[in-house]
Chemist: 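Once you've had a glance at the structure underneath, I'll fire off some questions.
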2 protein chains.
Amino acid sequence: MAYEGRLFAALADPTRRAIFERLAERRHSVAELARAVPVSQPAISQHLKVLKEARLVRDEPDGARRIYSIDPKGLGPLRRWLDRFWDDQLAAFTVAVEDKDDQ
Amino acid sequence: MAYEGRLFAALADPTRRAIFERLAERRHSVAELARAVPVSQPAISQHLKVLKEARLVRDEPDGARRIYSIDPKGLGPLRRWLDRFWDDQLAAFTVAVEDKDDQ
DNA sequence: TACCTTCATAAGCCATGATTTATAATAAGC
DNA sequence: GCTTATTATAAATCATGGCTTATGAAGGTA
């Protein structure tokens, strides 16, 4: 309920969204992501740290590698935050339409 | 379809989310927002500019004032972006549960 | 042991952005 | 026309954040 900030901040960066979208397709090691996304490996690690703290990704060890994947429940708070405004928005939309009819 | 970036960036700032949530309840003039949110009036105007460019709010003149309200369709792209991952996430969740059963 | 791979962290740099004060522009009321 | 209220913009400051290179730690392999 106070996680929206971290979620929005994590997803605001285009590189981080690229990483997240890659992981949504399949799991990746850090090196795989570094090959796929045009930034250095340390940059990838730093982005993964942010995504992990936002609970958007998980990691698990695999020998010397570390496999990152999407945290299934990660986008839940974002969706709930969005739903808070969904009804309000529909109402506002209705009002907007009525306002237009007035003209 | 390329607006997610602006949307996430706009909503990443806590002050901007506070403004957006106030507007979700009812329309406000700039001065009203400046009284409700603990930043200066120019800061409010600048935040409103960002929110407007992200198509999250609208404004209309009312004499010397300017009334800001939520743009009804503003969160649409965000919801669509979210839905892109919803099925993926459910699948990932299923896999995660199965993986746990394996242990 | 030595070597190679993989990853995370530290340090430094640079750009962006959130904020403030000052100021200009527009509208309303006297 | 003058003053007041309301809002937007300009300029300056300061903090944050994303990126790089360098380095160290941990695992695998000969």
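Because only heavy atoms are used, hydrogens play no part in the values below, and waters and symmetry mates are left out as well, while side chains stay in.
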Chemist: CZ of A:Arg65: more than 12 outside heavy atoms within 6.0 angstrom?
Modeler: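 Incorrect, the count does not exceed 12.
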
Chemist: Is there a donor and acceptor pair closer than 3.5 Å between the side chain of B:Gln46 and the base of C:dT20?
Modeler: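 Such a pair is found, so the answer is yes.
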
Chemist: Does D:dA8 have OP1 or OP2 sitting under 4.0 Å from an N or O in the side chain of B:Tyr68?
Modeler: yes

Chemist: Of the options D:dA8, D:dT6, C:dC7, whose atoms approach the side-chain atoms of B:Ala64 most closely?
Modeler: D:dT6

Chemist: Pick the nucleotide of DNA chain C nearest each of A:Arg65 and A:Lys49; which residue has the one closer to the 5' end?
Modeler: A:Arg65

Chemist: Is B:Arg58 reaching over with its side chain to a backbone N or O of B:Pro72, donor-acceptor style, under 3.5 angstrom?
Modeler: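 Absent.
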
Chemist: Can you tell me the distance, in whole Å, between the CG atom of B:Asp59 and the P atom of D:dT7?
Modeler: 11 Å

Chemist: Scan A:Ala43 against the nucleic acid and name what it touches under 4.0 Å (heavy atoms): base, sugar-phosphate only, or nothing.
Modeler: base

Chemist: In this structure, how many angstroms lie between the P atom of D:dA8 and the CD atom of B:Glu53, rounded?
Modeler: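 The answer, rounded to whole Å, is 12 Å.
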
Chemist: Hey, is the main chain of B:Ile67 close enough, under 3.5 Å, to the side chain of B:Arg27 for a donor-acceptor pair?
Modeler: no

Chemist: Side chain of B:Ser40, heavy atoms from C-beta onward: which of C:dT21, D:dA8, C:dA8 has the nearest atom to it?
Modeler: C:dT21

Chemist: Considering only D:dT20, D:dT7, C:dT19, which nucleotide approaches the side chain of B:Arg66 most closely?
Modeler: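 Looking only at heavy atoms from C-beta outward on B:Arg66, the closest nucleotide is D:dT7.
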
Chemist: I'd like to know whether CZ of A:Arg79 has more than 12 heavy-atom contacts from other residues, nucleotides or ligands below 6.0 angstrom.
Modeler: yes

Chemist: Heavy atoms within less than 4.0 Å of DNA chain D: which residues of residues 11-19 of chain A have one? Give them sorted by number.
Modeler: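 The stretch gives A:Asp13, A:Thr15, A:Arg16 as the residues lying under 4.0 Å from the strand, ordered by number.
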
Chemist: With sequence neighbours excluded, tell me which residues meet ring pair (Phe, Tyr, Trp, His ring centres under 6.0 Å) with B:Phe8.
Modeler: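 With neighbours one apart ignored, the set is B:Trp81.
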
Chemist: Between C:dC7, D:dT7, C:dT6, which nucleotide gets closest to the side-chain atoms of B:Ser45?
Modeler: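 Looking only at heavy atoms from C-beta outward on B:Ser45, the closest nucleotide is D:dT7.
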
Chemist: Could you tell me how far apart A:Ile67 (CD1) and C:dC7 (C1') are, to the nearest whole angstrom?
Modeler: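 That distance rounds to 11 Å.
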
Chemist: Roughly, in whole Å, what's the span from CD in A:Glu60 to P in D:dG27?
Modeler: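 That distance rounds to 16 Å.
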
Chemist: Rounding to an integer number of Å, can you tell me how far A:Ile44 CD1 sits from C:dT5 C1'?
Modeler: 17 Å

Chemist: Hydrophobic cluster membership, with links at side-chain heavy-atom distances under 4.5 Å among I/L/V/M/F/W/Y: are B:Ile70 and B:Val50 in one?
Modeler: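 Hydrophobic grouping puts B:Ile70 apart from B:Val50.
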
Chemist: Please compare B:Pro42 and A:Ala31 by the position of their nearest nucleotide in DNA chain C and report the one closer to 5'.
Modeler: A:Ala31

Chemist: Could you give the CG-to-C1' distance, from B:Leu48 to D:dT6, as a whole number of Å?
Modeler: 13 Å

Chemist: Take atom CZ of B:Arg22 as the centre, draw a 6.0 Å sphere, and report whether it contains more than 12 heavy atoms from other residues, nucleotides or ligands.
Modeler: no

Chemist: Taking for each residue the nucleotide of DNA chain D bearing the nearest heavy atom, is the 5' side occupied by A:Gln41 or by B:Glu32?
Modeler: B:Glu32

Chemist: Describe the nucleic acid contact of A:Pro61 in one word from base, sugar-phosphate, nothing, applying a heavy-atom distance below 4.0 Å.
Modeler: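 Touches nothing.
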
Chemist: To the nearest angstrom, how far is A:His47 atom NE2 from C:dC7 atom C1'?
Modeler: 16 Å

Chemist: Measure CZ/A:Phe8 against P/D:dG17 and give the value in whole Å, please.
Modeler: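 The distance from CZ of A:Phe8 to P of D:dG17 comes to 17 Å, rounded to the nearest Å.
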
Chemist: Show each protein N/O and nucleotides 12-14 of chain D N/O combination with a separation under 3.5 Å, one pair to a line.
Modeler:
none

Chemist: Near B:Arg17 CZ, under 6.0 Å, is it more than 12 heavy atoms from other residues, nucleotides or ligands?
Modeler: yes

Chemist: Please give me the minimum heavy-atom distance between A:Arg6 and A:Glu53, naming the atom from each residue.
Modeler: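 Shortest heavy-atom contact: NH1-O, 3.4 Å.
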
Chemist: Minimum heavy-atom separation for B:Ile44 to B:Ala34, with atom names?
Modeler: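 Result for this residue pair: CG1-CA, 3.8 Å.
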
